[in-house]
Amino acid sequence: MVNDRKDLLAEHEALETGRESVFNMEYGDTAAQIGEADTWQDKLRTLVRQNKLAAFSAVLIILMILIAVFAPVVAPYDHLKQSLTERLSHPSMAHWLGTDELGRDVLSRIIFGARISLTIGLVPTLISMAIGTVLGLWAGFYGGKTDFVIMRLADVMLAFPSLLLAMVVMYTMGGGLVNIFIALSLVNWASTARIVRSQTLSLKEKEYVEAARSIGVKKWTIMFRHILPNCLPSLIVLFTLNIPSAILSEASLSFLGVGAQPPSASWGLMVVRGKKYLFSEPWLSIAPSVAIMIVVLAFNFLGDGLRDVLDPYLKEQ
């Protein structure tokens, strides 16, 4: 009897070993590849290796954020200090980008202006994407009348040009940075809601969601613990692509006189204040315009690189 049991155990172990060997032969390499692809460190290495321009853009963005944070240390002059004896000075060793009509150092104002542009690029984008994500999850998961109401509201928001709608909000509420935050947050959520809704409609039919429902997991838990994490790659890419749009909107609103108000060092405000001197002192408008262009291109290149790394369909192709 003892020998028979030992033989049965030996046969069982041999059978399990054989199953494991077959599984490793068929799926081991694939599982290892999936595991490696799912790590953020390897995705970062892939980004650096495959898209040097996106990696350089990421470094440039980090550098500009650091410059904006430490602007009082980096800026050579106080951006609000006026010196009428040095007004409209040409670029020189003392003032690398010259001075404006009030004698203020243009380089210092561009450095401090990075605070406004980056803050307006990040904060309203985060708020609008948070609103759009919640509404998109809600519409896609519940469907029916909830989906109809939210999507029709999103269609109304998308029917108007975002800049025109932001201008209406700004004219109603008045100028100022806080009102810019509110205006850009209200007008830019609809596109995020549509993207999240489409992904939610697909993800809620997956097996793991059905399994969670079958064991009685709450709907809000399913939405935010099982569905939302699978939407994050698309949201990260969308976030990097929406930031330059917000920066351009702020610059446009400031250029039209309903954005940041003097004496704020806003890049859009600097462009509009320098346009009257465009043919005599062109650096007053060209310097902040170049700063806007560099930031917008950096975020766009980074967004394209992240899309290539995080999008599974592109990786399969």
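All values reported here derive from a predicted model rather than from experimental measurement. Heavy atoms only: backbone and side chains are in, while hydrogens, waters and symmetry mates are out.
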Next item on the list: Over all heavy atoms of both residues, which pair between Ile131 and Ser185 is shortest? Give the atoms and the distance, please.
Entry: CD1-O, 4.4 Å

Note to self: As an exercise, state the distance from OG of Ser92 to CG of Leu97, rounded to the nearest 0.5 Å.
What the structure shows: 10.0 Å

Next item on the list: For Arg115, check salt bridge (charged side-chain N to carboxylate O under 4.0 Å, His left out) against everything at least two apart and list the hits.
Entry: none

Note to self: Please enumerate all residues that pass side chain to side chain contact (heavy atoms under 4.5 Å, CB included) together with Leu126, with sequence neighbours excluded.
What the structure shows: Phe239

Note to self: Before you tell me yes or no, could you show the steps for Leu269 and Ile116 under side chain to side chain contact (heavy atoms under 4.5 Å, CB included), namely the whole-Å CA-CA distance, both residues' side-chain angles and the distance that decides it to 0.1 Å?
What the structure shows: CA-CA 11 Å; Leu269 189 60; Ile116 296 177; over 6 Å; no

Next item on the list: State which residues pass ring-ring contact (aromatic ring centres under 6.0 Å, His included) with Tyr77; sequence neighbours excluded, sorted by chain then number.
Entry: His95

Check: Below 4.5 Å, heavy atoms only, C-beta onward: do Ile180 and Pro124 meet side chain to side chain?
Finding: no

Check: Is there a donor-acceptor contact under 3.5 Å from the side chain of Ser128 to the main chain of Thr125?
Finding: yes

Item checked: Inter- and intrachain pairs under ring pair (Phe, Tyr, Trp, His ring centres under 6.0 Å), touching residues 173-195, at least two apart -> none

Margin query: For Leu88, is there any backbone N or O sitting under 3.5 Å from a side-chain donor or acceptor partner on Thr99?
Written below: yes

Notebook entry, point to check: Under a 4.5 Å side-chain heavy-atom rule over Ile, Leu, Val, Met, Phe, Trp and Tyr, are Val59 and Ile65 clustered together?
Noted result: no

Margin query: For residues Val209 and Ile215: do they belong to one hydrophobic cluster (side chain heavy atoms under 4.5 Å, members Ile, Leu, Val, Met, Phe, Trp, Tyr)?
Written below: yes

Notebook entry, point to check: Between Leu163 and Leu253, is any pair of side-chain heavy atoms under 4.5 Å apart?
Noted result: yes

Next item on the list: Is it possible for you to say whether Leu63 and Trp96 belong to one hydrophobic cluster, with membership spreading through side-chain heavy-atom contacts below 4.5 Å?
Entry: yes

Check: If Ile, Leu, Val, Met, Phe, Trp and Tyr residues are connected whenever their side-chain heavy atoms lie under 4.5 Å apart, and connections chain through other members, are Val69 and Trp267 in the same group?
Finding: yes

Next item on the list: Of all the heavy-atom pairs spanning Leu241 and Gly303, show the shortest one and how long it is.
Entry: CD2-CA, 3.9 Å

Checklist line | For the student: nearest non-hydrogen atoms of Ser249 and Leu184, plus distance | finding: CB-CD2, 3.7 Å

Next item on the list: Measure the spacing between CG of Asp105 and CG of Asp78 and express it to the nearest 0.5 Å.
Entry: 10.0 Å

Note to self: Using the side chain to side chain contact (heavy atoms under 4.5 Å, CB included) criterion, which residues pair with Leu66? Sequence neighbours excluded.
What the structure shows: Ile62, Phe70

Check: Considering residues at least two apart in sequence or located in another chain, which fulfil the salt bridge (charged side-chain N to carboxylate O under 4.0 Å, His left out) criterion with Arg213?
Finding: Glu210

Check: What residue among Ile243, Asn242, Leu60 forms side chain to side chain contact (heavy atoms under 4.5 Å, CB included) with Phe299?
Finding: Ile243

What donor-acceptor contacts under 3.5 angstrom involve side-chain atoms of residues 217-238, with partners at least two apart or in another chain?
residue : atom : partner : partner atom : Å
Asn230  : ND2  : Tyr208  : OH           : 3.2
Asn230  : ND2  : His226  : O            : 2.7
Ser234  : OG   : Gln199  : NE2          : 2.7

Next item on the list: For the pair Ser254 (side chain) and Ala251 (backbone), establish whether a donor and an acceptor sit closer than 3.5 Å, ignoring hydrogens and angles.
Entry: no

Check: For Phe112, which residues count as a ring-ring contact (aromatic ring centres under 6.0 Å, His included) partner, sequence neighbours excluded?
Finding: His79

Next item on the list: With rounding to the nearest 0.5 Å, note down the distance linking CD in Glu86 to CG in Leu102.
Entry: 13.0 Å

Checklist line | Min side-chain heavy-atom separation Met173-Ile182 under 4.5 Å | finding: yes

Next item on the list: Could you tell me the separation between the CD1 atom of Ile110 and the OG atom of Ser117, rounded to the nearest 0.5 Å?
Entry: 10.5 Å

Item checked: Asp100 and Arg273: CA distance, side-chain angles, deciding distance, side chain to side chain contact (heavy atoms under 4.5 Å, CB included) verdict -> CA-CA 9 Å; Asp100 62 7; Arg273 294 290 292 268; over 6 Å; no

Notebook entry, point to check: If every non-hydrogen atom of Ala166 is compared with every non-hydrogen atom of Val187, which pair is closest and at what distance?
Noted result: N-CG1, 4.0 Å

Notebook entry, point to check: Which pair of non-hydrogen atoms, one from Gly305 and one from Asn51, has the smallest distance, and what is that distance?
Noted result: CA-ND2, 3.6 Å

Notebook entry, point to check: What about Leu201 and Val196, same hydrophobic cluster or not, with Ile/Leu/Val/Met/Phe/Trp/Tyr joined at side-chain heavy-atom distances under 4.5 Å?
Noted result: no

N/O donor-acceptor pairs under 3.5 Å from side chains in residues 138-162, not counting sequence neighbours:
residue : atom : partner : partner atom : Å
Asp147  : OD1  : Arg197  : NE           : 2.6
Asp147  : OD2  : Arg197  : NE           : 3.2
Asp147  : OD2  : Arg197  : NH2          : 2.9
Arg152  : NE   : Asp155  : OD2          : 2.9
Arg152  : NH2  : Asp155  : OD2          : 2.8
Asp155  : OD1  : Arg194  : NH1          : 2.6

Notebook entry, point to check: Roughly how far apart are Ser266 OG and Arg109 CZ, rounded to 0.5 Å?
Noted result: 9.5 Å

Check: How far does CD of Glu205 sit from OG1 of Thr200, to the nearest 0.5 angstrom?
Finding: 11.5 Å

Check: residues 284-296 side-chain donor-acceptor pairs under 3.5 Å, at least two apart:
residue : atom : partner : partner atom : Å
Ser285  : OG   : Val271  : O            : 3.1
Ser285  : OG   : Gly274  : O            : 3.2
Ser285  : OG   : Lys275  : N            : 3.2
Ser289  : OG   : Ser285  : O            : 2.6

Notebook entry, point to check: Mind checking what makes side chain to side chain contact (heavy atoms under 4.5 Å, CB included) contact with Ala130, not counting sequence neighbours?
Noted result: none

Notebook entry, point to check: Closest heavy-atom contact between Leu118 and Ala68?
Noted result: CD1-CB, 4.0 Å

Checklist line | Residue pairs fulfilling salt bridge (charged side-chain N to carboxylate O under 4.0 Å, His left out) with at least one residue in residues 251-269, sequence neighbours excluded | finding: none

